[in-house]
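Every chain is numbered from 1, with letters handed out A, B, ... down the list of sequences. Owing to the predicted nature of the structure, the values given are computational and were not obtained by experimental measurement.
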Amino acid sequence: MTSSYQFDHNAFAADLQSNYAALSDGEESGVRVRVAGRLMLLRRQGKLAFATMRDSSGEVQLFALSQVTEEFEAFSKLHLGDWVGVEGEVVRTKRGELSVKVATWVRLAEALHNFGDKWAGIADFDLRYRHREADLWANDLSRRSLLRRSQVVRSVRERCWSQGFVEVETPILNPIPTGAAARPFKTHHNALDAEFFLRIAPELWLKRLVVGGFERVFEIGRLFRNEGVSPRHNPEFTSLELYAAYWNYEDMMTFTEELVAGVALDVLGTTEIEYQGRQLSLSTPWARRSMTELASEGVGEEVSVHTPRAHLVKLLAERDVEAHASWGPGRCLEELFGATMESTLWDAVFVTGHPVEISPLARRDPNDELLTQRFESYAAGRELSNGFTELIDPVEQRARFEDQARLAAAGDDEAMIIDEDYLRALEWGLPPTAGLGVGLDRLAMLIADESNIREVIAFPTLKPLRD
RNA sequence: GCGCCGGUAGCUCAAUUGGCAGAGCAUUUGACUCUUAAUCAACAGGUUCCGGGUUCAAGUCCCGGCCGGCGCACCA
């Protein structure tokens, strides 16, 4: 059989399995179908041959007989991994396996390499990540995790749409990297002879759309940060960022917990999930605890952003954290929380009330001028989302950017740069607005029960091979 | 970036103290009319990641490099 350019396929393996579940052993349905997929196993027995064929829905056995099957010899010599299109009757073999009894068939493509050990699959991480196409055939779990990631993104998108959010796209090539604290990737546009940075966050663009009258917007897209690679960090990752005019951070927390719990419900059917062998609750409402309270609990005494810096520095030193000269009390408080309590936050929880010092785009808390109306959600000891009531005052925003510029001058190479276009946008009037960012890879990890971010990214960033 | 661990046939893995590089699956050939990782028989398959070094002898020990896993750091 030579290969074909096309195949008229009219049935999926999984549908056959369910539609003919009642077919008894040795019974023939009288129905002819055309299926296509890849050969995963092939067992020849003299003038019979049995093959396991997999398509995107599942698996079904192909049953070939020399008396029935065209080109039987060639069929029985197909290779594992070959793509075939088959026409034949749906039957159940005497031994009870639902099968398509092959009348005619065509090889659609030939596999020149195998897909790993048929028991063990492919275990080598390097091979799995560099050749995901082979990994997907060899390992059920890889297929499942990437499928779940897709379901997570779909669910997030549909839930945002259903709440009246408009999906938008903002520039990836940015003249200045802003909206977050991170090192950027740099590139160059030849015709414009201009330096550009790949975005580290879409935040400022999205708020400019709110200024423009899009009261509810969101963007799902790739962000790029020139930081270390780890089981929880890929240089390019996917975020959901979303803004709602007239909301404050409490409204946004409610939205966030319902979104995440809803995604779990959509994909897994429950908000009480199992993660890495341990029960984890995403059920609403999530606990809300202030960073001040958590840091105090962590160090065993009352601390706050009003505690003298020298004392906070001492408490950090006791935990082997060396305070940088540019850190004020706010940053020290956050570091104390990070060093003591962050990794213990297992069930979904909101941490609220971040210091102004570390929140240059968030609106101050009217009850404490050194804190903001900000939250981060945590699950499995990791940050899952970040949101706040947006700072809308252009004068204060300029002062906050200038504070960041001073940090940069003091050696903090991740401090934010002044964005004049954004300040001008604020001068046209941003209504009271709350914003949210969610790391979708992190969310996908949680839902797919994966501990390595690479398992939920089809083609993770790897070091190019060289000698 | 730092530390620990790893890289052996196409795939999954062995190889004792430094002593002839092996198995299963896949591939190739043959047998087999209800198999289920089919089974049975046979053939073939190697730059032991790369480059040096020590040694009578290196997959194994030492040095350098490449790639990966985990931890730390940075961050989401």
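The shortest distance between side-chain heavy atoms of A/Leu62 and A/Val84 falls below 4.5 Å.
No contact: A/Arg128 has no heavy atom under 4.0 Å from any strand. At the heavy-atom level, A/Leu48 lies under 4.0 Å from base atoms of the strands shown. Note on A/Asp441: nothing from the nucleic acid sits closer than 4.0 angstrom, heavy atoms only. Residue contacts for A/Ser66: at a heavy-atom cut-off of 4.0 Å it reaches no nucleic acid atom on any strand shown. In this structure, A/Asn139 reaches neither bases nor backbone, as no heavy-atom distance under 4.0 Å exists between it and the strands shown. Residue contacts for A/Phe237: at a heavy-atom cut-off of 4.0 Å it reaches a base atom on one of the strands shown. Using a 4.0 Å heavy-atom distance criterion, A/Lys118 is classed as a sugar-phosphate-only contact. Among the atoms of the strands shown, only primed sugar atoms or phosphate atoms (P, OP1, OP2) are found under 4.0 Å from some heavy atom of A/Leu462. At a threshold of 4.0 angstrom between heavy atoms, the contacts of A/Arg382 with the nucleic acid are absent. A/Pro464 comes within contact range of the sugar-phosphate backbone alone, with a heavy-atom separation under 4.0 Å but no base atom that close. Nucleic acid contact class of A/Lys94 (heavy atoms, under 4.0 Å, all strands): base. Residue contacts for A/Arg130: at a heavy-atom cut-off of 4.0 Å it reaches the sugar-phosphate backbone alone, with no base atom in range.
With hydrogens and angles left out, the side chain of A/Glu97 and the base of B/rU36 share a donor-acceptor pair within 3.5 Å.
Not one side-chain nitrogen or oxygen of A/Arg43 sits closer than 4.0 Å to the OP1 or OP2 atom of B/rU39. OP1 or OP2 of B/rG71 sits under 4.0 Å from a side-chain N or O of A/Arg232. Taking only side-chain nitrogens and oxygens, A/Gln45 never comes nearer than 4.0 Å to OP1 or OP2 of B/rA38.
B/rU60 sits 15 Å from B/rU17 when the P atoms are compared, rounded to a whole Å. A distance of about 13 Å separates the C1' atoms of B/rC61 and B/rA57, rounded to the whole Å.
For A/Asp126, counting side-chain heavy atoms from C-beta on, the closest listed nucleotide (B/rC67, B/rC34, B/rA76) is B/rC67. Among the nucleotides B/rU33, B/rU36, B/rA26, the one closest to the side chain of A/Gln61 is B/rU36. The nucleotide whose nearest atom lies closest to any side-chain atom of A/Arg44 is, among B/rC32, B/rC34, B/rC67, B/rC32. When distances run from any side-chain atom of A/Pro231 to the nucleotides B/rG71, B/rC34, B/rU27, the shortest one goes to B/rG71.
Residues A/Phe165 and A/Phe255 bring their aromatic ring centres within 6.0 Å. Between A/Trp105 and A/Trp83, the gap from one ring centroid to the other reaches at least 6.0 Å. Ring to ring, A/Phe350 and A/Tyr249 are not that close: their centroids are 6.0 angstrom or more apart.
Note: CG (A/Leu42) to P (B/rU39) measures 13 Å, nearest angstrom. When rounded to the nearest whole Å, the span between CG of A/Asp320 and P of B/rC2 equals 21 Å.
For A/Asn452, the side-chain contact (heavy atoms from CB on, under 4.5 Å) criterion is met by A/Tyr129, A/Pro231, A/Arg454, A/Glu455, not counting sequence neighbours.
Ionic pairing of A/Glu236 and A/Arg222 is present here: one or more N-O contacts between side-chain nitrogen and carboxylate oxygen are shorter than 4.0 angstrom. The existence of a salt bridge linking A/Asp82 and A/Arg107 is confirmed by a sub-4.0 Å separation between a basic side-chain nitrogen and an acidic carboxylate oxygen.
Across the strands present, B/rG18 finds no partner; the criterion is a Watson-Crick or G-U wobble pair with both atom distances under 3.5 angstrom. Pairing for B/rC2 goes to B/rG71, judged as Watson-Crick or G-U wobble with the two contacts each under 3.5 Å. Across all strands shown, B/rU55 forms no Watson-Crick or G-U wobble pair with both distances under 3.5 Å.
Taking a 6.0 Å sphere around CD of A/Glu169, one finds it holds 12 or fewer heavy atoms contributed by other residues, nucleotides or ligands.
Nearest-nucleotide assignment on RNA chain B puts the 5′-proximal partner with A/Val229, out of A/Glu236 and A/Val229.
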Completion exercise
Readout for nucleotides 3-15 of chain B: B = base within 4.0 Å of protein heavy atom, S = sugar-phosphate only, - = neither; 5' to 3' it is -------BBSS--
Exercise for the section: Could you walk me through whether A/Arg363 and A/Asn248 pass the side-chain hydrogen bond (donor to acceptor under 3.5 Å, both in side chains) test, one step at a time? Expected result: CA-CA 10 Å; A/Arg363 201 165 190 177; A/Asn248 67 13; over 6 Å; no
